[in-house]
Novice: 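One structure follows; several queries about it will come next.
When a ligand or atom number is given, it counts from 1 through the structure's own listing order. FYI, the numbering just counts along the sequence from 1. Please read all numbers here as calculations on a predicted model, not as lab measurements.
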Amino acid sequence: MIIMKRDATDEQIKRVIDEILCCGLRVDVSRGEFRTIIGLIGDEKRVSFDHLAGFPGVKEVQPVESKYKLVSREYHPDSRIIKVGDVVIGGGEPVFIAGPCAIEGREQMLKTAEEAKSAGANILRGGAFKPRSSVHSFQGLHEEGLKYLAEAGEKFNMPTITEVRGEGQVELVAQYVDILQIGARNMYNQDLLEAVAKMGKPVLLKRNFGAGIEEFLCFAEYIVAQGNKDIILCERGLVPIGKGKEYTRYMLDLSAVPVLKKETYLPVFADPSHGTGRRDLVEPMSRAAIAAGADGLMIETHCNPQEALCDSQQMVVGNELKRIIDICMKIRKIM
Ligand code: PEP
Ligand code: MN
């Protein structure tokens, strides 16, 4: 990190940036109220820090020990606020993403969207390209599903989000939705992260079920390194220990929420649906996530969960969603 003096001129900042670019590295410039910080992206051995420290306007050159710096609060003290349509993410009010695990048809999508909207949800979800363990399971409606999601989002004035499962889908999906989701299984897919980042839309990045916090942030760093800071981090549970899935599908690591809030400036969400795999646990874990400081929740919702083609046991219905949202709003107010 190159920290510029408070009174550094634009010309001085430009000279430092040009020098770094000349050495074959890239930069990310963070302009705060009091100081400008220039972050280096790439192989740091290619620049001389002593040389840069002597440039006019440079206050100090600070090596960053951590493997992630572009997403760190140290680098960027102000929390990131992401605006999508009328929805403000990370601005203090909790934001609720709701909708089915998978888009199964037009009627199902429209009905679920209507219920989610009247329950108070802000953003509409629905999977069109589903990551499934078995090739014999329902894989999603692909582009047809994206059309239903976009239609429902427009009808109920809700921004939309869906998962991009592979690089080949990035451009197609970006034509239909407002936020691009990287699923837990793809958290480690550098090429996909970079391709999605380049679309210039907000990205919701899910933590892999075996990933540590440092790894999670290292992979978020790939998105920022492409110049996209509109990232929502989402905790969705780790692989259970002991006898495994006896009681819950995953273990929702809610300690990750305040840790991530401290370490980064990015909004942090929790997904109590995949995190527990049980409809009856979605409400208590939603309450806990909001109490732990989450900026929002992703909750799988379905107009008729019994008939769902995917994750039927964890989806809530409209009135359950409304109760969850109402109580979470109260909890946030108390805090
Ligand atoms: C999802 O949100 O649709 C999903 C598949 O979740 P995860 O990637 O966390 O398993
Ligand atoms: Mn699901």
Novice: Should Arg73 and Glu263 count as an ion pair when the cut-off is N to O under 4.0 Å?
Specialist: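 Glu263 and Arg73: not salt-bridged.
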Novice: Measure from the ring center of Tyr250 to the ring center of His274 and say whether it is less than 6.0 Å.
Specialist: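 Ring centroids of Tyr250 and His274 are no less than 6.0 Å from each other.
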Novice: Got an N/O contact under 3.5 Å between Asp271 and ligand 1?
Specialist: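 Not met; the criterion fails.
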Novice: Among all protein heavy atoms, pick out the one at the shortest distance from atom 8 (O) of ligand 1; state its residue, atom name and that distance to 0.1 Å.
Specialist: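 Checking every protein heavy atom, the shortest distance to atom 8 (O) of ligand 1 gives Ala184 N, 2.8 Å.
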Novice: Is it true that the side chains of His302 and Glu115 contain a donor and an acceptor less than 3.5 Å apart?
Specialist: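 Glu115 and His302 do not have a side-chain donor-acceptor pair below 3.5 Å.
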Novice: How is the N/O/S atom of Asp311 that comes nearest to the Mn ion (ligand 2) named?
Specialist: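 Looking only at N, O and S atoms of Asp311, the one nearest the Mn ion (ligand 2) is named OD2.
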Novice: Go through the steps to decide whether Glu44 and Lys69 satisfy the test salt bridge (charged side-chain N to carboxylate O under 4.0 Å, His left out), and finish with yes or no.
Specialist: CA-CA 13 Å; Glu44 289 159 14; Lys69 57 185 168 185; 2.7 Å; yes
Novice: Among all protein heavy atoms, pick the one closest to atom 6 (O) of ligand 1 and tell me residue, atom and distance.
Specialist: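 I find the closest protein heavy atom is Lys206 NZ, 2.9 Å.
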Novice: For atom 5 (C) of ligand 1, which protein heavy atom lies nearest, and how many Å away is it?
Specialist: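 Result for atom 5 (C) of ligand 1: Glu163 OE1, 3.7 Å.
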Novice: Could you list which atoms of ligand 1 come closer than 4.0 Å to a heavy atom of Arg236?
Specialist: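 Numbered from 1, ligand 1 contributes 7 (P), 9 (O), 10 (O).
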Novice: Got a salt bridge between Glu93 and Arg332, using NZ or NE/NH1/NH2 to carboxylate O under 4.0 Å?
Specialist: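 Result for this pair is no, no salt bridge flagged.
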Novice: Among the N, O or S atoms of Glu300, which one sits nearest to the Mn ion (ligand 2)?
Specialist: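 Answer by atom name: OE2.
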Novice: Backbone or side chain, does any N or O of Gly183 fall under 3.5 Å from an N or O of ligand 1?
Specialist: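 No.
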Novice: Check this for me: does any side-chain nitrogen of one of Arg249 and Asp311 sit under 4.0 Å from a carboxylate oxygen of the other?
Specialist: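 Looking at Asp311 together with Arg249, the answer is yes, because their closest N to O distance falls below 4.0 Å.
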Novice: Please answer: with hydrophobic residues joined when any side-chain heavy atoms are less than 4.5 Å apart, are Ile123 and Leu146 in the same cluster?
Specialist: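 No; tracing contacts between hydrophobic side chains, which count when under 4.5 Å, never links both residues.
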Novice: Got a sec: is His274 within less than 2.8 Å of the Mn ion (ligand 2) via an N/O/S atom?
Specialist: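 So His274 counts as coordinating the Mn ion (ligand 2), yes.
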